[in-house]
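Every heavy atom of this structure was used, including side-chain atoms; hydrogens, water molecules and symmetry mates were not. Per chain, numbering begins at 1; letters A, B, ... match sequence-line order.
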Amino acid sequence: MNNKLKKDFYKRNVLLAAKDLLGKIFVYNDLNLEVKLSAKIVEVEAYDGEIDQAAHTFNGKTERNKIMFEEGGFLYIYFTYGIHFCANIVTGKKDHGTAVLLRAMEPISGLEVFGKRRFNKKELSEKEIINFLNGPAKICQAFNIDRKQNGTDLTKGEIYLLYAPKIPTNKVVKTTRIGIKKSTELPWRFYIKDNQYISKK
DNA sequence: ATCAAGATTACCT
DNA sequence: GGTAATCTTGATA
């Protein structure tokens, strides 16, 4: 049985896709590792260059953001603050510069790998496990995602998402986004209510 | 050619 | 709460 999310999931409007991404399972099948790394998406933010000044695509296509203008179903990875990478799921139709930032996840498998990469140890306290993936750059550090994964096709076998039932609307919290200076009024951050793995209240 | 900003994190008081 | 770390990108201050 194959419950991998298909192209049609990603081709939808960015806000619909963002809300629906909550609860889905992010999987990295890195053939260099003995285990598949996986985690449940618990917090996301939507970015839409048409109307959103905080989106990297607001001023049009550039070398960095061009993957966001492709059809949904690719990874967009960017480097920021001289240190960190952040991962996005490209959504929507071709030539629409939209994507969903992955802000926090709940670890499922590959805990020892996450522990080694995040804190250089395999003995894990509950507090450290909560800290594995509760921020966009932490996710990339734990999954070892950087430039080389930019543009990855999520309908192939290396990195993909698994279906999970949609989180009911009354369990989804909608707020303004974090860490941006423009378009701060847009309520485009979504997270699973009462989940302890989100980045910030 | 130059420069300021940046979808963050970890560590300090 | 405050801020250093660190460097690519995209606009041209």
Query raised in the report: Do A:Lys11 side-chain atoms and A:Glu71 backbone N/O form a donor-acceptor pair below 3.5 Å?
Result: no
Query raised in the report: Between the side chains of A:Lys138 and A:Asn134, is a donor N or O closer than 3.5 angstrom to an acceptor N or O?
Result: yes
Query raised in the report: Would you call A:Glu128-A:Arg118 a salt bridge at under 4.0 Å N-O?
Result: no
**Report entry** Start and end of chain A contact along DNA chain C [non-hydrogen atoms, under 4.0 Å]
**Finding:** C:dA5 to C:dA11
Report task. Take nucleotides 3-13 of chain B nucleotide by nucleotide from the 5' end and write B, S or -, depending on whether a protein heavy atom sits under 4.0 Å from the base, only from the sugar-phosphate, or from neither. Result -> ---BBBSS---
**Report entry** Separation between the P atoms of C:dA5 and C:dT9, rounded to whole Å
**Finding:** 22 Å
Report summary line: Excluding A:Tyr47, membership of its hydrophobic cluster (Ile, Leu, Val, Met, Phe, Trp, Tyr; side-chain heavy atoms within less than 4.5 Å) reads A:Ile67, A:Met68, A:Phe74, A:Tyr76, A:Tyr78, A:Val90, A:Leu101, A:Ile180
Report task. Check whether any side-chain heavy atom of A:Asn195 sits under 4.5 Å from a side-chain heavy atom of A:Glu106, and report yes or no. Result -> yes
Report summary line: Contacts of A:Asp146 meeting side-chain hydrogen bond (donor to acceptor under 3.5 Å, both in side chains) (sequence neighbours excluded), chain-then-number -> A:Lys148
Report task. Answer with yes or no whether the side chains of A:Asn120 and A:Lys116 bring together a donor and an acceptor at under 3.5 Å. Result -> yes
Enumerate donor-acceptor pairs with a distance under 3.5 Å from any side-chain N or O in residues 15-26 of chain A to protein atoms, sequence neighbours excluded.
unit_1, atom_1, unit_2, atom_2, d
A:Asp20, OD1, A:Lys24, NZ, 3.2
A:Asp20, OD2, A:Arg12, NH1, 3.2
A:Asp20, OD2, A:Arg12, NH2, 3.0
A:Lys24, NZ, A:Asp20, O, 2.9
A:Lys24, NZ, A:Ala164, O, 3.0

Query raised in the report: Under 4.0 angstrom, heavy atoms only, what part of the nucleic acid is A:Arg147 near: base, sugar-phosphate, or nothing?
Result: sugar-phosphate
Query raised in the report: So what is the 5' to 3' dot-bracket string for DNA chain C, if pairs are Watson-Crick or G-U wobble with both distances under 3.5 Å, crossing pairs use [ ] and | means the partner sits on another strand?
Result: |||||.||||||.
Query raised in the report: Is A:Arg189 salt-bridged to A:Glu43, cutoff N-O under 4.0 Å?
Result: yes
Report task. Report the C-alpha distance between A:Phe190 and A:Val173 in whole Å, list the side-chain angles of each, state the deciding distance to 0.1 Å, and finish with yes or no for side chain to side chain contact (heavy atoms under 4.5 Å, CB included). Result -> CA-CA 6 Å; A:Phe190 306 97; A:Val173 180; over 6 Å; no
